[in-house]
Amino acid sequence: MKLLHLSDLHLGKRFKEFPLLEDQAYILQVILGIADVERPDAVLIAGDVYDRPTPSTEAVELLDHFLVALAQREIPVLLASGNHDSPERLAFGAQLLEKSQIHIAPVYNGTVTPVTLQDAYGPVDIYLLPFLKPLYVRRCFPEEEIQDCTEAVACAIAHMDINPARRNVLAAHQFVIGAERCDSEEISVGGSDQVDVSAFAPFDYVALGHLHGPQDLDGGRVRYCGTPLKYSFSEIRHKKSVTLVELGPKGERTIRPILLTPLRDMVERRGTFQELFSAPRLPQDQEAYIHVVLTDEEDVPNAMERLRTIYPNVMGLDYDNRRTRSGDFCMGSANMVQQSPLDLFAAFYEQQNGAPLTEEQRRYLTAKIEEIQEVKE
C-alpha cells in the first residue's frame with residue numbers, strides 16, 4: 001500500500017511581510033503532479049493545515065481546491081489537525097466529506113476510530129490523532145494520572161482498539177524527544193510538549209507533523225516528512241520533500257522522500273554591504289526570497305531598502321560581526337526565537353539583577369507560564 005505523507009502546509013502563512021499563498025498554491029500543484037505519477041492509495045496530512053486557527057478566506061479556498069482535486073482523482077485523504085489549526089473548524093462538514101473519501105479527525109473526545117483501507121496483503125487501519133496536550137486527554141479520562149505529553153499520547157493510544165495482528169498506521173502532530181527543531185516551530189516551557197517515541201509502539205508507521213525538517217526516528221518507523229516550503233531562515237539548507245511510504249506484509253515498509261522544487265527558493269547572501277550591492281545580478285536572485293547577512297562592523301543606514309533595489313525579495317537582514325558574536329543578551333537579538341519563554345525571562349532577569357533566578361523562582365515561573373498557555377488553549 002502506498003501512502004503519501006504530508007504535513008505542515010501552513011496555508012495562509014506570511015513570512016515577514018511577504019504573503020506566501022502563491023507559493024503554496026504552486027507547491028500543492030506540484031504535489032498533485034506527484035500523486036498523478038505515484039498513484040498513492042491515500043494521502044496522509046499530519047496537521048498544521050492552516051497557519052492560524054482562523055484562516056483567511058484565500059487559505060480556506062486553497063485547501064478546498066486541493067481536497068477537491070484529490071477527490072476527483074479518487075485518492076482518499078486522511079487529515080489530522082495540528083496546533084496551528086482549530087480542530088472544530090477543520091472538522092466542520094467531516095461526515096459529508098467522508099462520502100468523497102476525505103476523512104478529517106474530529107475534536108479529540110477520547111475515541112479514535114480508524115479508517116480501514118485494503119490491499120493485496122489485507123487491511124490497513126489508519127488512526128488520526130489531533131494535536132494533544134495533557135489537558136485535552138485528562139478531560140476525557142479524569143481517572144488517569146497524566147502529567148506530561150508522553151503520558152497523554154500513551155493514554156490516548158491505549159484507549160484505541162488496535163488489532164496488533166493487522167498493519168496499523170498513525171497520523172499525529174506532536175514533538176518527539178530527540179527530533180531536531182527549527183526556529184519557526186513553537187517552543188514549550190521546559191520541554192513540556194515532548195513525547196517519548198515509545199508511546200507509538202503499537203504502530204507499523206507513524207506519520208508525524210509539527211517539525212519542519214524531514215527526519216526519521218526509530219529506524220524510520222516514526223517519521224516527520226517536514227514542510228513542503230521553507231518557512232524560516234533556519235530552513236534555508238533544507239531539501240524539502242514529501243514522503244512516500246510503501247507498506248508490504250506486516251512489519252515491512254519502504255520510505256522514499258520525493259523532492260519538491262518551489263516557485264521561489266529561500267537563499268542566504270553573505271558579505272559586506274558593498275560586496276553584495278556591487279555583485280553581479282544573478283537571475284535566480286530576482287525571484288528568490290533572500291536572507292542577507294552583512295559582515296560590516298558598523299550598521300549600514302537604510303541597508304534593507306537599498307538592497308531591495310538589487311534583490312526585490314529580501315526578507316530579512318542580520319549582522320555577523322564582532323558585536324553580534326559577543327554573545328551579549330539583548331531584547332532584539334536574533335537568537336530569541338530559539339529560546340523558551342522561561343529562558344528569555346531568566347536571561348532578562350539576570351541582566352537586570354546581576355544574579356540568576358533561584359530554583360524556587362524558576363519553578364514558580366514555569367507553573368505560571370504553563371497556566372497561561374493552558375488558558376490560551
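Fair warning: this is a prediction, and the values are worked out from it, not measured in the lab.
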>> Taking ring-ring contact (aromatic ring centres under 6.0 Å, His included) as the definition, give me every residue that meets it alongside F273, ordered by chain and number, with sequence neighbours left out.
In response: F277
> What pairs with D296 under salt bridge (charged side-chain N to carboxylate O under 4.0 Å, His left out), at least two apart in sequence or on another chain?
Replying inline: none
>> Among residues at least two apart in sequence or on other chains, which ones pass salt bridge (charged side-chain N to carboxylate O under 4.0 Å, His left out) with E297?
In response: R322
> Who passes side-chain hydrogen bond (donor to acceptor under 3.5 Å, both in side chains) against R39, sequence neighbours left out?
Replying inline: none
> Going by the side-chain hydrogen bond (donor to acceptor under 3.5 Å, both in side chains) test, which pairs reach into residues 238-254, not counting sequence neighbours?
Replying inline: D204-K250, R223-T243, T227-K240, E235-K240, H238-K240
> With sequence neighbours excluded, what pairs up with R306 under the salt bridge (charged side-chain N to carboxylate O under 4.0 Å, His left out) test?
Replying inline: none
> Looking at residues at least two apart in the chain, or sitting in another chain, which of them share a ring-ring contact (aromatic ring centres under 6.0 Å, His included) with F15?
Replying inline: F233
> Between R270 and E275, does at least one N-O distance fall below 4.0 Å, as a salt bridge requires?
Replying inline: no
Donor-acceptor pairs under 3.5 Å, side chain of residues 1-11 to any protein atom, not counting sequence neighbours: which ones?
| residue | atom | partner | partner atom | Å |
| --- | --- | --- | --- | --- |
| K2 | NZ | E38 | O | 3.0 |
| K2 | NZ | E38 | OE1 | 3.2 |
| H5 | ND1 | Y205 | OH | 2.9 |
| H5 | NE2 | L208 | N | 3.4 |
| H5 | NE2 | L208 | O | 3.0 |
| D8 | OD1 | H210 | N | 3.4 |
| D8 | OD2 | H210 | N | 2.9 |
| H10 | ND1 | D51 | OD1 | 2.8 |
| H10 | NE2 | H212 | NE2 | 3.3 |

> For P19, which residues count as a side-chain contact (heavy atoms from CB on, under 4.5 Å) partner, sequence neighbours excluded?
Replying inline: R14
> What's the spacing between L63 CG and Y50 OH if we round to 0.5 Å?
Replying inline: 4.0 Å
>> According to ring-ring contact (aromatic ring centres under 6.0 Å, His included), who are the partners of H159, at least two apart in sequence or on a separate chain?
In response: F141
> Can you name the residues that form a ring-ring contact (aromatic ring centres under 6.0 Å, His included) with F92, not counting sequence neighbours?
Replying inline: none
> For R73, what residues pass the salt bridge (charged side-chain N to carboxylate O under 4.0 Å, His left out) criterion, not counting sequence neighbours?
Replying inline: D36
